[in-house]
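Below: one structure in structure tokens.
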There are 2 protein chains.
Amino acid sequence: MVSIKDVARHAETSFKTVSRVINGDQRVRPATRERVNEAIQALGYRPHSGARMMRSARSNIIGFLSDRVTTQPHSGDILRGAQQMADAHGRLLLLFNIDGEAGDDHRRRAFELLMEQRVDGLLYACDYHRDVELPPEMQQLPAVLVNGFSTTTALPALVPDERLAAQQATRLLLAEGHRHIAFLAPNPRSVATPLRTAGFHDALIEAGLEPSLMPVITACVGTPGGEEEYRVETALVQLMSEATPPTAILCGQDRIALQLYLALARRGLSPGRDLAVVSFDDQQPISGALTPSLTTMALPHLEMGRRAMTLLLDGDPPPETVTIPFSTTLGRSHRRA
Amino acid sequence: MVSIKDVARHAETSFKTVSRVINGDQRVRPATRERVNEAIQALGYRPHSGARMMRSARSNIIGFLSDRVTTQPHSGDILRGAQQMADAHGRLLLLFNIDGEAGDDHRRRAFELLMEQRVDGLLYACDYHRDVELPPEMQQLPAVLVNGFSTTTALPALVPDERLAAQQATRLLLAEGHRHIAFLAPNPRSVATPLRTAGFHDALIEAGLEPSLMPVITACVGTPGGEEEYRVETALVQLMSEATPPTAILCGQDRIALQLYLALARRGLSPGRDLAVVSFDDQQPISGALTPSLTTMALPHLEMGRRAMTLLLDGDPPPETVTIPFSTTLGRSHRRA
DNA sequence: ATCGGCTGTGACAACGTTGTCACGCTACTC
DNA sequence: GAGTAGCGTGACAACGTTGTCACAGCCGAT
């Protein structure tokens, strides 16, 4: 590899002057600077990050530790957002993904490897919104938690604002004039579920409606993030048999909405026209392929990734959990015909 | 940070001996080794990767350059697979994601940043199977292309075996006794489309059937990887109006299968029972939520990521494009009632 | 007893860079 | 015209590690 000394020789100056040019030191005569830059070009010189690191004790690298599988469908955007902002700040991202496997040991090893690389900070991302137990070592480093929170460790954290999103989603339906709305709740073992239910109720109360009159049915069971099973067909049967069936359904997640679309189609009914549907997540493979287009509250994964990195780099974030609003993806499924 | 000299002081030996212990040199007396290890533990010493790098000219880091958005739904598993094998080989992954934006400039910069980190090798991943134009600089480094190929640069590459997968999918239907099979083709601008069509025909010919008698209808138009529009409803109308309608449909991708499920439901028909359906991709959000469960050929993204990294690390891969077989996710949608 | 080799250890240089300090030159001030 | 400030430059040390070499102590062979 070509080093700073090779450049100096080529530009007929000392290697220290080359260092100055590289680092934008103003006290270099323009003519000299010119010669040095030419030499850099000619030789294809690239500064050696390892050597730099030794002097400066900074690596310009941020570790990205992802619990389980952040590279899965809906959470990959966290990584994408983090990378965008890292790049904007001239940092690189060192990725370490923990696939659930060995668990704590694997995670500890990951952490040590990142420490050896002298990463300047750490992002810890969860594959879905949840409570996460963190290794105490993590306190040694500036770190931000994304898409999760820790009840045992005080750390700045970003989570999606499930409650507000549910309120907004419900408002959409209320604005269309619906007064009988059902909620097909997602997995009861998910942290998001009570929050989304609460937001649903917030909006109802705000509109002067009685929450207890609105059916809430669990439409998904299983392990969050793992195998899940959907019970939308039976839920719909139940809803339709009520004295005054709902005219609108809030689906706790896009997969439930997908099932609802199918169940409606079997009855010759169409979302939007016959029954208003609003959902959560905006998982592209689903929301991009449904007709009529699905109105869904988009999980702010990209934004959380960006914000987390910004928080980490702009320094000194308070160890609090911040909620990030969803954005609204408007389709036709929530409209009255 | 605690350095090797601090450890030496604590263990009352020379820092060179500490270096020997760290690197597993046998010629250290067990008693000395013990003292050194204790000191390492006590001080929480971690070797400085930057300093190591300077001496050894190796970084143990592999660059992962992803064209556009590898962190999107179906291609994130490439990253996951690559990380698994990198970890197994004691390497770390430096991620750089190019979001399409500035394009070539951005990509060149990404490459230079990776070079500054002195990465030992490079993986270049595409978000969907396609022909990719590579910057000539990439030849400077051991590199492997994943989920794409280059007609301009000779480089080892891994792509999914679209043709074989289509043949296997069709065989599933033929094995169930179907003799009239239609193909709802994906985006004609995608590289996968002609290959999947060819595989479809391979299987038909193999079974002694006449390919030209089997309808092939384009069910998706738009920019591959971008905005796409589906035309499944009209395709189904067309198929059903034929003299002898197909008893089985091969869907070019899961999104098409999703639309087909909906179109069938509107007619009171059910996949599997009334019409056999087989698809491609195995996009979890869709395939995991459809009822009856979808039979779909799973894109080997995880496997490609793992193989690509293995190829890169085991060294000296020939500059050829290798195809990786899909795996078959069996559901109930291809079965005769 | 002397030699050669083997084992455990340490002194020192080197990797490529940046920080500190000092030097020589020009240009200004009195 | 001497003193002084500032500018451009270079010599040198230092960062934390590994490679090279040397040396001291011990063993067995001569």
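Values reported hereafter were calculated over all heavy atoms of this structure, with side chains retained and with hydrogens, waters and symmetry mates removed. Order of the sequence lines fixes the chain letters, A, B, ..., with proteins taken first and strands second; residue numbering starts at 1 for each chain.
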Exercise. Out of Val18(B), Val36(B), Val21(B), Thr13(B), which one pairs with Val28(B) under the side-chain contact (heavy atoms from CB on, under 4.5 Å) rule?
Worked result: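 Single side-chain contact (heavy atoms from CB on, under 4.5 Å) partner of Val28(B) among Val18(B), Val36(B), Val21(B), Thr13(B): Val21(B).
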Problem set entry | Arg20(B) vs Arg46(B), nearer the 5' end of DNA chain D by closest nucleotide |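 The answer here is Arg46(B).
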Exercise. Taking the side chain from Ser3(B) and the backbone from Lys5(B), do they hold a donor-acceptor pair closer than 3.5 Å?
Worked result: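 The answer is yes, because a donor-acceptor pair under 3.5 Å joins these two groups.
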Exercise. Which residue lies toward the 5' end of DNA chain C, Arg33(B) or Phe15(B), if each is placed at its nearest nucleotide?
Worked result: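 The answer here is Arg33(B).
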Exercise. Please give, in whole Å, the distance from dC21(D) C1' to Lys16(B) NZ?
Worked result: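 After rounding, the reported distance stands at 11 Å.
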Exercise. Closest nucleotide of DNA chain C for Arg55(B) versus for Thr13(B): which of these residues is on the 5' side?
Worked result: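 Comparing both residues, the 5'-ward one is Thr13(B).
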Problem set entry | Electrostatic pair Arg46(A)-Glu112(B), nearest N-O below 4.0 angstrom |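 Yes, this pair counts.
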For this session: Verify the contact: side-chain N or O of Thr32(A) to OP1 or OP2 of dT9(D), cut-off strictly under 4.0 Å; return yes or no.
Result: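 Result: yes.
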Exercise. Tell me: CZ of Arg27(B) to P of dA24(D), nearest whole Å?
Worked result: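 About 17 Å, once rounded to whole Å.
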Exercise. NA contact type, Ser19(B), heavy-atom cut-off 4.0 Å: base, sugar-phosphate, or nothing?
Worked result: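 The residue Ser19(B) makes base contact.
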Exercise. Ring centres of Phe111(B) and His106(B) under 6.0 Å apart?
Worked result: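 No, the ring centres sit 6.0 Å or more apart.
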For this session: Would you grab the first and last nucleotide of DNA chain C (5' to 3') that comes under 4.0 Å of any non-hydrogen atom in chain A?
Result: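 Nucleotide range in contact with chain A: dG16(C) to dG19(C).
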For this session: May I ask you to evaluate whether Ser14(A) reaches the phosphate of dT9(D), defined as a side-chain N or O under 4.0 Å from OP1 or OP2?
Result: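 No, Ser14(A) has no side-chain N/O under 4.0 Å of OP1/OP2 on dT9(D).
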Problem set entry | Counterpart residues, side chain to side chain donor-acceptor pair (under 3.5 Å), relative to Ser49(A) (two or more places apart) |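 Here the qualifying residues are Gln117(B).
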Exercise. Does the side chain of Asn60(B) come under 3.5 Å of the side chain of His89(B) through a donor N or O and an acceptor N or O?
Worked result: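 Their side chains do not contain a donor-acceptor pair, so the 3.5 Å distance test is not met.
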